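Structure first, commentary second.
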Amino acid sequence: MRIKYNDIKIIGLILLVGFLFAFSNQRNSVRKVDLKAPVFIGENKLFITDQTVSKLLIQNQRPLTEQPKDIIDLNELEVALNSNSMIKKAEVFMSVEGELYTEIEQKRPIARVSSNASYYIDDDGSYMPLSSNYTARVPLVTGNVNKNSLETVYEFASAVDQDEFLKKHVIEIRQNDDNTIDFRIRKSDFTVHLGTLKKLDKKINNFKAFYQKAFKDKILETYTRVDLKFDKQVICTKK
């Protein structure tokens with residue numbers, strides 16, 4: 001019987017590859033997770049800390065660094081992070097070596113509701129809790145505000161956030177019982193009655209024109225109320 005050396009070589013190669021594959025899988029299965037510091041996308045990490053993120057990255061009631069990389073469910077970790085009311089979007093991924101990375105985009109507040117349980121309204125119009133780490137300098141929202149119905153307040157707060165002039169000057173937004181809006185500006189005593197949000201851009205332009213003229217004439221402090229509810233005129237009440 002003739003020995004086929006090529007066949008022996010092929011069988012030996014297959015066995016060697018199988019051994020190396022099994023050995024690699026064995027090493028990989030026991031490799032522990034190396035948790036890297038989270039990367040914060042966009043603005044600086046103001047409202048949520050590395051420690052908070054680490055506490056959210058728990059699986060099977062154990063820290064990730066105590067667990068083999070092969071049992072880590074990345075989707076589960078992303079769901080845990082995205083369920084946090086401070087986080088707008090989170091992504092989790094892992095390298096072959098077991099290094100686990102997180103990318104986090106925090107919510108961005110544009111107004112702060114003052115009530116029995118104060119909270120922020122973010123730039124998507126959603127609820128955002130206050131943070132013990134940082135207080136945002138945004139307009140204060142008062143009056144008749146319902147956490148489950150923020151559309152009117154959000155629309156005006158968003159307009160303020162996107163307008164350089166209003167963002168600099170508006171310090172308080174008040175929603176009245178009839179769903180109309182009043183607001184107050186920095187270093188002034190008068191209240192501005194906006195009314196409804198119909199023709200909002202026109203009303204804002206009217207207020208800017210009034211403010212610039214009154215500021216130039218140094219008569220801003222002579223008014224107690226500025227009414228913008230009529231889009232074609234500004235009605236002022238003197239002290």
Side-chain angles (χ1 to χ4, degrees), residues 40 42-49 52 56 82-89 104-201 203-204 206-208 210-211 214-215 220-221 223-229 234-237 239:
F40 291 88
E43 296 186 3
N44 294 330
K45 50 179 182 180
L46 302 174
F47 303 101
I48 188 169
T49 64
T52 302
L56 292 170
N82 285 311
S83 65
N84 185 279
S85 299
M86 292 285 187
I87 295 176
K88 184 174 185 177
K89 183 181 179 182
I104 294 173
E105 181 180 359
Q106 297 181 64
K107 290 184 176 181
R108 186 175 69 85
I110 60 172
R112 175 176 175 169
V113 177
S114 177
S115 62
N116 292 333
S118 297
Y119 55 91
Y120 292 120
I121 302 173
D122 74 4
D123 57 354
D124 287 327
S126 302
Y127 163 85
M128 177 181 174
L130 301 185
S131 170
S132 59
N133 300 310
Y134 182 79
T135 300
R137 295 186 63 183
V138 292
L140 190 67
V141 177
T142 59
N144 186 7
V145 184
N146 188 327
K147 181 179 176 181
N148 298 315
S149 182
L150 298 171
E151 295 84 4
T152 300
V153 169
Y154 165 65
E155 184 177 345
F156 183 63
S158 183
V160 171
D161 181 64
Q162 296 172 34
D163 186 285
E164 185 177 348
F165 174 85
L166 294 181
K167 192 171 185 177
K168 177 181 177 181
H169 288 88
V170 175
I171 58 173
E172 181 183 348
I173 301 169
R174 178 177 180 82
Q175 181 165 278
N176 301 309
D177 292 343
D178 60 358
N179 222 38
T180 58
I181 294 292
D182 292 347
F183 65 90
R184 296 177 62 85
I185 63 173
R186 198 177 308 278
K187 297 181 179 180
S188 295
D189 294 331
F190 59 81
T191 297
V192 182
H193 179 61
L194 184 70
T196 67
L197 300 187
K198 293 180 179 179
K199 299 185 178 179
L200 179 58
D201 290 342
K203 292 178 179 180
I204 290 175
N206 287 347
F207 178 70
K208 288 180 180 179
F210 155 78
Y211 182 90
F215 180 80
L220 283 172
E221 297 306 316
Y223 300 113
T224 59
R225 178 182 171 93
V226 176
D227 200 328
L228 304 175
K229 66 180 179 180
V234 177
I235 300 175
C236 302
T237 303
K239 292 181 179 180

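The shown structure was predicted, so the numbers you read here are calculated from the model rather than taken from an experiment.
Within 6.0 Å of OH on Y127 lie more than 12 heavy atoms contributed by other residues, nucleotides or ligands. Around the NZ atom of K208, the shell of radius 6.0 Å holds more than 12 heavy atoms that belong to other residues, nucleotides or ligands. Residue K187 places its NZ atom among 12 or fewer non-hydrogen atoms of other residues, nucleotides or ligands, all under 6.0 Å distant.
In this structure, K229 contributes its side chain and H193 its backbone to no donor-acceptor pair below 3.5 Å. Under a 3.5 Å cut-off, the side chain of Y154 and the backbone N or O of D123 do form a donor-acceptor pair. Side-chain atoms of K107 come within 3.5 Å of backbone N or O of S85 as a donor-acceptor pair. Remark: the backbone N or O of G125 is paired with a side-chain donor or acceptor of D122 at under 3.5 angstrom. A donor-acceptor pair under 3.5 Å is formed between the side chain of R186 and the backbone N or O of K168.
The line from CD1 of I104 to CG of L56 is 8.0 Å long, rounded to the nearest 0.5 Å. To the nearest 0.5 Å, atoms OG (S149) and CG (N179) are separated by 7.0 Å. If you take NZ on K88 and CE on M128, they are separated by 11.0 Å, rounding to the nearest 0.5 Å. The structure places CG of L220 at 5.5 Å from CZ of F210, a figure rounded to the nearest 0.5 Å. Note that CD of E105 is 7.5 Å distant from NZ of K89, once rounded to the nearest 0.5 Å. A distance of 13.0 Å separates CD in E155 from CG in L150, rounded to the nearest 0.5 Å.
Minimum heavy-atom separation, N144 to N176: CB-O, 4.1 Å. In terms of heavy atoms, V192 sits closest to F190 at CG2-CE1, 3.6 Å. Here the shortest heavy-atom pairing between K203 and L194 reads NZ-O, 3.2 Å.
Side-chain contact between I185 and Y211 is present, with heavy atoms from C-beta onward closer than 4.5 Å. V113 has its side chain within reach of I121: a pair of non-hydrogen atoms, C-beta onward, lies under 4.5 Å apart. Residues I87 and N82 form a side-chain contact, since some pair of their non-hydrogen atoms from C-beta on lies under 4.5 Å apart. Taking the side chain as every heavy atom from C-beta outward, I181 and I173 approach each other to under 4.5 Å. Using a 4.5 Å heavy-atom cutoff, the side chains of L46 and F40 are not in contact. T52 places none of its side-chain heavy atoms less than 4.5 Å from the side chain of M86.
Between the side chains of D182 and T191, no donor N or O sits under 3.5 Å from an acceptor N or O. For the residue pair D124 and S126, no side-chain donor N or O sits within less than 3.5 Å of a side-chain acceptor on the partner.
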Could you go step by step and tell me if I110 and V160 meet the side chain to side chain contact (heavy atoms under 4.5 Å, CB included) rule?
CA-CA 9 Å; I110 60 172; V160 171; over 6 Å; no

Pair S188, E221 - check side chain to side chain contact (heavy atoms under 4.5 Å, CB included), show working.
CA-CA 7 Å; S188 295; E221 297 306 316; 4.0 Å; yes

Below 3.5 Å, can you tabulate the donor-acceptor pairs from side chains in residues 129-142 to any protein atom, sequence neighbours excluded?
unit_1, atom_1, unit_2, atom_2, d
S131, OG, F47, O, 3.0
S131, OG, N133, N, 3.0
N133, ND2, F47, O, 3.3
T142, OG1, E172, OE2, 2.9

